[in-house]
There are 2 protein chains.
Amino acid sequence: MNKIKIALADDELLFRQGLLAILGNQENIDILFDAEDGDDLINKLRSADLQPEIVVTDLKMPGLNGVEVTKLIRKEFPNIKVIALTSYFSKPFILNMISIGAVAYLAKNSTPALMIKTIEQVAKKGFYYDEQVLQYVHESLVSPKDKKTKCTFDANYFTKREIEVLELICNQMTTSDIAEKLFISPRTVEGHRNNLLLKTEAKNVAGLVIYALKNKLVSLDNNSF
Amino acid sequence: MNKIKIALADDELLFRQGLLAILGNQENIDILFDAEDGDDLINKLRSADLQPEIVVTDLKMPGLNGVEVTKLIRKEFPNIKVIALTSYFSKPFILNMISIGAVAYLAKNSTPALMIKTIEQVAKKGFYYDEQVLQYVHESLVSPKDKKTKCTFDANYFTKREIEVLELICNQMTTSDIAEKLFISPRTVEGHRNNLLLKTEAKNVAGLVIYALKNKLVSLDNNSF
DNA sequence: TTAAAAACAGGTGTAAACCCCTATTTTTTA
DNA sequence: TAAAAAATAGGGGTTTACACCTGTTTTTAA
């Protein structure tokens, strides 16, 4: 029997080692290598003789994060399947991850058994949606009334500029700070912020920050404190 | 040789299983039990025939978090040593944890070797400070000019009410929302918020939220999104 | 190459946040 | 049982955030 060849990326060493310990006992799984962040993973993929079939990657990582890693892998290594590993996720975030190429989601509070099952299913069928993700996918496909199918998919997600503004908000910048930094009018910044509030359904900046962190849209590492 | 008896608490099952896998191989460590959150841990401690010498606990957990767990253990089980496990932490937070009774800190990106060393040192000496923590402790003892020694220790930390207000801010509540909820005047809430801003050196609520999450003062699980 | 989406930006107004100050009462702790 | 710390709450003010409009220009993709 051919072993499933995988690679791991997570910035928390203890967690990574834990996964290695758990998966190392699996006779049908072969861990080719593990990486401490996105850059490390991409470098190892580029220089590896033997490519993994599956990459299990954390979403929140310093430097190149899971989202960017997934995009890059899809471009450079289209045969590699990406399983996203995370603690929290919201519907629009998952749908976006799927649209950029992740084939499965694993919550960090999953059982080792579910993790192994997910890896096996991805190796076998190319993807795996658990119940929650399936629910989200279903909801996104059923149009609320007579609207276009794709609506929920994109409309809930963010533009580049919105992400930029969100990051600056998370860096404690005010509207005018952000306007200066981005060389645009404060009114435009307000527009982006309002769109963020609408899309995230947050009530205020506190909600935006929570959303951003929960969905790993910005990293805590680069901030103050 | 007597094995070191420990207990683990972490809400992320995969992480917990990983630790079990790592520590399970250690011949000088005996894991009595593990818990999925603070309440679970306390319950198991109360009903256990054999008490652990050391508890390794995550700080961010739903329900009873690591800070509260540490306080409770110190009261009810003063012989049990607490090792705090976390991803990020700031100087005032560590100093506060030490003052409430934690005997060591472990970053989640530590090596398994460091984790084992920390456990062994705590079992042997009763505490273990790594370089970073030592640095913080040192700084807190050296007065900036001629000020009182204890200053940095307490003045940077938070009162119960401040933590309550911080949590509600993180739940997207406004000043008047919080005032209603706590049956106090909005001005009092403002006072607490101002103290939080001073102590954290945050610029606005965005900063407060970041600080709260980074230092695991509030849990993401109970929130919206 | 033409719609659609994104980015831009203005008006007007209210609510909330934030800043400076003071001061009393309650709780904790040395 | 004092002294310290925490919790309470007020006056008076500026700045920022947020809501609900409107519209144009630029970029992206079918």
Side-chain angles (χ1 to χ4, degrees), chain A residues 96 99-100 147-212, chain B residues 71 74-75 96 99-100 147-211:
Chain A
N96 181 66
S99 77
I100 67 174
K147 302 283 176 182
K148 278 174 286 178
T149 307
K150 243 186 124 220
C151 170
T152 322
F153 234 83
D154 294 355
N156 269 337
Y157 211 60
F158 309 102
T159 67
K160 275 187 192 175
R161 213 47 160 173
E162 281 162 9
I163 294 282
E164 272 187 285
V165 169
L166 183 55
E167 276 180 349
L168 297 177
I169 287 173
C170 288
N171 277 315
Q172 309 188 55
M173 285 186 169
T174 66
T175 299
S176 53
D177 290 340
I178 297 171
E180 266 186 50
K181 171 116 185 174
L182 300 181
F183 303 107
I184 56 181
S185 157
R187 307 316 300 272
T188 307
V189 176
E190 284 191 43
H192 291 311
R193 195 191 48 216
N194 280 336
N195 287 336
L196 285 165
L197 288 172
L198 282 175
K199 290 184 181 181
T200 61
E201 294 176 61
K203 290 180 186 166
N204 51 35
V205 287
L208 285 181
V209 173
I210 297 264
Y211 187 98
Chain B
K71 286 182 185 170
R74 200 191 192 184
K75 270 195 181 174
N96 179 65
S99 76
I100 66 172
K147 300 284 174 181
K148 279 173 284 179
T149 307
K150 245 188 123 217
C151 170
T152 322
F153 235 85
D154 295 354
N156 269 337
Y157 208 60
F158 311 102
T159 67
K160 275 186 192 175
R161 214 45 162 175
E162 282 162 9
I163 294 283
E164 274 186 283
V165 170
L166 183 55
E167 276 179 351
L168 297 177
I169 287 173
C170 289
N171 277 314
Q172 309 188 53
M173 284 188 172
T174 66
T175 299
S176 53
D177 290 340
I178 297 171
E180 266 186 53
K181 171 117 183 172
L182 299 181
F183 303 107
I184 55 180
S185 155
R187 304 317 299 270
T188 307
V189 177
E190 284 190 44
H192 291 311
R193 194 190 51 217
N194 279 337
N195 287 336
L196 285 165
L197 289 170
L198 283 174
K199 290 184 180 180
T200 61
E201 294 175 61
K203 289 179 186 166
N204 51 35
V205 287
L208 284 183
V209 173
I210 297 265
Y211 187 96

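The basis for the numbers below is simple: all heavy atoms, side chains too, and nothing from hydrogens, waters or symmetry mates.
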Going by atom type alone, with no hydrogens or angles, which donor-acceptor pairs under 3.5 Å involve a side-chain atom of residues 174-182 of chain A and a protein atom two or more places apart or on another chain?
residue, atom, partner, partner atom, Å
A:T174, OG1, A:S176, OG, 3.3
A:T174, OG1, A:D177, N, 3.3
A:T174, OG1, A:D177, OD2, 3.2
A:T175, OG1, A:R193, NH1, 2.9
A:D177, OD2, A:T174, N, 3.0

CA sep, side-chain torsions, deciding dist, call: B:V205, A:N204, side-chain contact (heavy atoms from CB on, under 4.5 Å): CA-CA 9 Å; B:V205 287; A:N204 51 35; 6.0 Å; no
Sugar-phosphate, base or nothing in reach of B:T188, heavy atoms under 4.0 Å: base
Touch class at under 4.0 angstrom, heavy-atom based, for A:H192 against every strand present: sugar-phosphate
B:R187 vs D:dT8: side-chain N/O to OP1/OP2 distance below 4.0 Å: no
A:S185 vs C:dG10: side-chain N/O to OP1/OP2 distance below 4.0 Å: yes
Criterion side-chain contact (heavy atoms from CB on, under 4.5 Å) on B:I169 and B:V165, from CA distance to verdict: CA-CA 6 Å; B:I169 287 173; B:V165 170; 3.9 Å; yes
Closest approach of A:I184 to A:T188 (non-hydrogen atoms, all atoms of both residues): CD1-CG2, 4.0 Å
Minimum heavy-atom distance B:N195-B:E162, with the two atoms named: CB-OE2, 3.4 Å
Toward the 5' end of DNA chain D, by each residue's nearest nucleotide, A:T174 or B:I184: B:I184
Given DNA chain D, 5'-ward residue of the pair B:R161 and B:N204, judged by closest heavy atom: B:R161
Provide, to the nearest angstrom, the distance between the [atom1] atom belonging to [X] and the [atom2] atom belonging to [N].
{"X": "B:N195", "N": "C:dC18", "atom1": "CG", "atom2": "P", "value": "14 Å"}
{"X": "A:R193", "N": "D:dA19", "atom1": "CZ", "atom2": "P", "value": "8 Å"}
{"X": "A:Q172", "N": "D:dT16", "atom1": "CD", "atom2": "C1'", "value": "14 Å"}
{"X": "A:E190", "N": "D:dT16", "atom1": "CD", "atom2": "C1'", "value": "9 Å"}
{"X": "A:N194", "N": "D:dT22", "atom1": "CG", "atom2": "P", "value": "15 Å"}
{"X": "A:L198", "N": "D:dC20", "atom1": "CG", "atom2": "C1'", "value": "11 Å"}
{"X": "A:K160", "N": "C:dA5", "atom1": "NZ", "atom2": "C1'", "value": "14 Å"}
{"X": "B:F158", "N": "D:dA5", "atom1": "CZ", "atom2": "C1'", "value": "16 Å"}

Closest nucleotide among C:dA7, D:dC18, D:dA7 to the A:L197 side chain: D:dC18
Which nucleotide in D:dA19, C:dC18, C:dA7 has an atom nearest any side-chain atom of B:V205: C:dC18
